[in-house]
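Each chain gets a letter, A, B and so on, in the order its sequence line appears, and its residues count up from 1. Being a predicted model, the structure only gives us computed values, none of them experimental.
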2 protein chains.
Amino acid sequence: MTADLVAVLVAVTEGTPKIMTIAGGSALPSGPFEFTHRSLQTALRAWVEAQTGHPLGYVEQLYTFADRGRSGDAKGPHSVSISYLGLTREDRVGEGFEAHWSGWYDYFPWEDHRAGAPAFLAKTIAPKLKTWAKAAPSPTLQRERWQRCAITFGLDDRDWNEELVLQRYELLYEAALIPEAGRGHGHEAPVVPGKPMTADHRRILATGIARLRAKIKYRPVVFELMPAEFTLLQLQRSVEALAGRLVHKQNFRRLIEQQELVEETGAMAADTVGRPAKLFRFRHAVLAERAVAGTKLPLSRT
Amino acid sequence: MTADLVAVLVAVTEGTPKIMTIAGGSALPSGPFEFTHRSLQTALRAWVEAQTGHPLGYVEQLYTFADRGRSGDAKGPHSVSISYLGLTREDRVGEGFEAHWSGWYDYFPWEDHRAGAPAFLAKTIAPKLKTWAKAAPSPTLQRERWQRCAITFGLDDRDWNEELVLQRYELLYEAALIPEAGRGHGHEAPVVPGKPMTADHRRILATGIARLRAKIKYRPVVFELMPAEFTLLQLQRSVEALAGRLVHKQNFRRLIEQQELVEETGAMAADTVGRPAKLFRFRHAVLAERAVAGTKLPLSRT
DNA sequence: CATCTTATGCTCACGGAGAGTATAAATGGT
DNA sequence: ACCATTTATACTCTCCGTGAGCATAAGATG
């Protein structure tokens, strides 16, 4: 038996959340776990450093799952995959490394609601889900299926819940609306937009996004994705990029400041449009001061 | 390489949270992962069922960690341990099974604040931590250490945060105040009350408790630990048992009822003191109705 | 100088959470 | 029968976090 590490490495560049990919963007970076390290965390850090040429900031374990040999042989070589979420900055990649960054909404276009709900959600996905729901054997099951769809995708006037990334992916998978769910029928036309990935890598990515979207609400992890100095608007844009939805500007600032998460550097942002903004830096002290330093997003419904 | 499953199986009986143990209460149930199962979850379920004679309710993965051979050989047989949290009921144990249930506060006596903060916290633990903090090389580090202690243990007039179970355990471990941290000095006298466990099992248990304490606040998982019918006070007592602190009765009921988590059975509780209480049952429908059905605990500061 | 854009300060209303008061319905003892 | 005790259950009140909007300041641009 073998153990593999799979990494969801996240960076945010100019309002776009990105993940590190290999194989032309069709897989997450992964590799065998070397037992020469003291722990899984250090193994992952060393490995990422070797790949990207830069140490990793925040690291968190995501999930472990077992595979029964993808080659089809029932008794073949089995493996355990241990997935991690890591936060960095894109510009940290060293020289001569072939780290590839892909926008994460390339894989989950339906997750970006910053400009409102994507049109194809109501136009394409919802009808397909409805069809799938109606294909259930009994009326009760049909209703239950549709209820699940409506809840996870915010249909029927329900609110969009940005944290249900994994549930949405799994629903689409179950409804066979994405290529990964291909049931041996050869290659069907992609019914739902979004780039697929090898094996269950897109599921792992969904897990990572979901975890991160939940985490930014109660832990100051966004700062791991920011440069040393930033304006409050830049910070807000990063949060919005991750959450996939807009935030109420004034309330966001109120929250950040009243929690004393940042301090002014004294300098002002250069080359900007409009009134120049103060530059801030993260107050690393808060990590020691508080056990839970929340950043509950002040979401706006517009 | 091998993969092991370690289970934190929780039940609540008469206001006491319990965990399933083996080896006279000195270890969590664990065993090798059989690759004959489709997933880790099903493997765990099957395995627990074989051990206890009863299917498992709620199951959730906790954490995966790697061991570099406990026997001391640096290149010896390595293994990956995958830990799970499972919720059941004690009375579900079948015939002829030797499931042993131990109160979880036997292992973490400082975590039970239902009758106020335990006396030995201020009398024994706090001074020891202070000594440890003062042993840091520089004044700055000394202050940082003590700040950490004060935050995690709610000292210096800080609030007790029941979710920091793991942080507290790791702090005690770091300060060498618990037997597991024994640094080869043979066996010292236990400086802090609480039953130790084999290897890092107590750490895993701490992880499980922390996870559960966090979860009951936003997911209706308590019901997995309740009998089919229960009174609201029984439900409250279970929550309090898990959280290790008391709850405001009226507000608790308001919360449960306004969220429509339960429905009356029509019957009343028998053989009770005082005014008889209505019996309720969990409305399983809410699991389908809502994505997030919270039970934010209405904690009281008394 | 008008206009656009972004920054930043302030107010308001609503609802949830913590806390307390009051009343009802049972039991057991005297 | 009456009272103390225990538990159940219904309301009320206050405070504050949160969502939302208004207003003003300070730059750039034409």
Side-chain angles (χ1 to χ4, degrees), chain A residues 14-15 159-162 216-218 229-240 243 245-280 290 292-302, chain B residues 14-15 159-162 216-218 229-240 243 245-280 290 292-302:
Chain A
E14 290 166 27
D159 281 338
W160 172 259
N161 183 341
E162 72 280 354
I216 50 173
K217 291 184 187 167
Y218 62 98
E229 302 189 354
F230 48 84
T231 68
L232 291 183
L233 185 59
Q234 283 169 348
L235 183 65
Q236 181 186 340
R237 293 291 177 235
S238 291
V239 168
E240 290 174 337
R245 54 192 308 181
L246 297 179
V247 142
H248 185 107
K249 189 177 195 165
Q250 294 92 327
N251 292 345
F252 179 74
R253 304 167 84 97
R254 175 175 64 187
L255 213 61
I256 297 293
E257 294 186 330
Q258 86 184 10
Q259 296 197 155
E260 302 178 304
L261 292 173
V262 297
E263 62 190 1
E264 299 184 14
T265 66
M268 304 290 276
D271 57 285
T272 54
V273 207
R275 174 173 167 181
K278 290 178 190 164
L279 282 175
F280 292 85
R290 288 195 279 272
V292 281
T295 313
K296 287 194 178 178
L297 306 184
L299 297 175
S300 62
R301 313 196 187 289
T302 43
Chain B
E14 289 167 29
D159 281 338
W160 172 259
N161 184 340
E162 73 279 354
I216 50 173
K217 291 184 186 165
Y218 61 96
E229 302 189 353
F230 49 84
T231 68
L232 291 183
L233 185 59
Q234 284 169 347
L235 183 66
Q236 182 185 341
R237 294 289 178 235
S238 291
V239 167
E240 290 175 336
R245 55 192 307 180
L246 297 179
V247 143
H248 186 106
K249 189 176 193 165
Q250 296 90 329
N251 291 347
F252 178 75
R253 305 168 84 95
R254 175 175 66 187
L255 214 61
I256 298 294
E257 293 187 330
Q258 86 183 12
Q259 295 197 156
E260 301 178 305
L261 292 173
V262 297
E263 61 189 2
E264 299 182 16
T265 66
M268 304 290 274
D271 57 285
T272 55
V273 207
R275 174 172 167 180
K278 290 178 191 165
L279 282 175
F280 293 85
R290 286 197 278 274
V292 280
T295 313
K296 287 194 178 179
L297 307 184
L299 296 176
S300 62
R301 310 197 190 289
T302 44

Distance in angstrom units between B:Gln258 CD and D:dC11 C1', rounded: 14 Å
Heavy-atom donor-acceptor pair, B:Gln250 side-chain to C:dT21 base, under 3.5 Å: yes
d(CG, B:Asn251; C1', D:dC15) in whole Å: 14 Å
Short side-chain N/O contact from B:Lys249 to OP1 or OP2 of D:dA8, under 4.0 Å: yes
Whole-Å gap separating P (D:dA8) and CD (B:Glu257): 12 Å
Sugar-phosphate, base or nothing in reach of B:Leu233, heavy atoms under 4.0 Å: sugar-phosphate
By side-chain contact (heavy atoms from CB on, under 4.5 Å) - contacts of A:Ser238 (at least two apart): A:Val12, A:Val222, A:Met226
Which residues share a side-chain contact (heavy atoms from CB on, under 4.5 Å) with A:Arg254, sequence neighbours left out: A:Asn251, A:Gln258
side-chain contact (heavy atoms from CB on, under 4.5 Å) partners of A:Gln250, counting only residues at least two apart: A:His248
Protein-nucleotide distance (A:Phe252, atom CZ; D:dG17, atom P), rounded to Å: 18 Å
Counterpart residues, salt bridge (charged side-chain N to carboxylate O under 4.0 Å, His left out), relative to B:Glu229 (two or more places apart): none
Rounded distance in Å - CD1 (B:Ile256) to P (C:dA17): 12 Å
Nearest-0.5 Å distance that lies between atom CZ in A:Arg237 and atom CD in A:Glu240: 5.0 Å
Any donor-acceptor N/O pair under 3.5 Å between C:dG16 base and B:Arg254 side chain: no
Residue pair A:Arg245 / A:Glu162: nearest heavy atoms and the distance that separates them: NH1-OE1, 2.7 Å
Integer-rounded Å distance: C:dT6 C1' and A:Gln234 CD: 12 Å
By side-chain contact (heavy atoms from CB on, under 4.5 Å) - contacts of A:Glu257 (at least two apart): A:Leu232, A:Phe280
Nucleotides 25-30 of chain D: protein proximity per nucleotide (B base, S sugar-phosphate only, - neither; heavy atom, under 4.0 Å): BBB---
Atom pair distance, as rounded to whole Å: CG in B:Leu246 and P in C:dA19: 12 Å
Euclidean distance, atom CD of residue B:Gln236 to atom P of D:dT9 [Å, nearest integer]: 12 Å
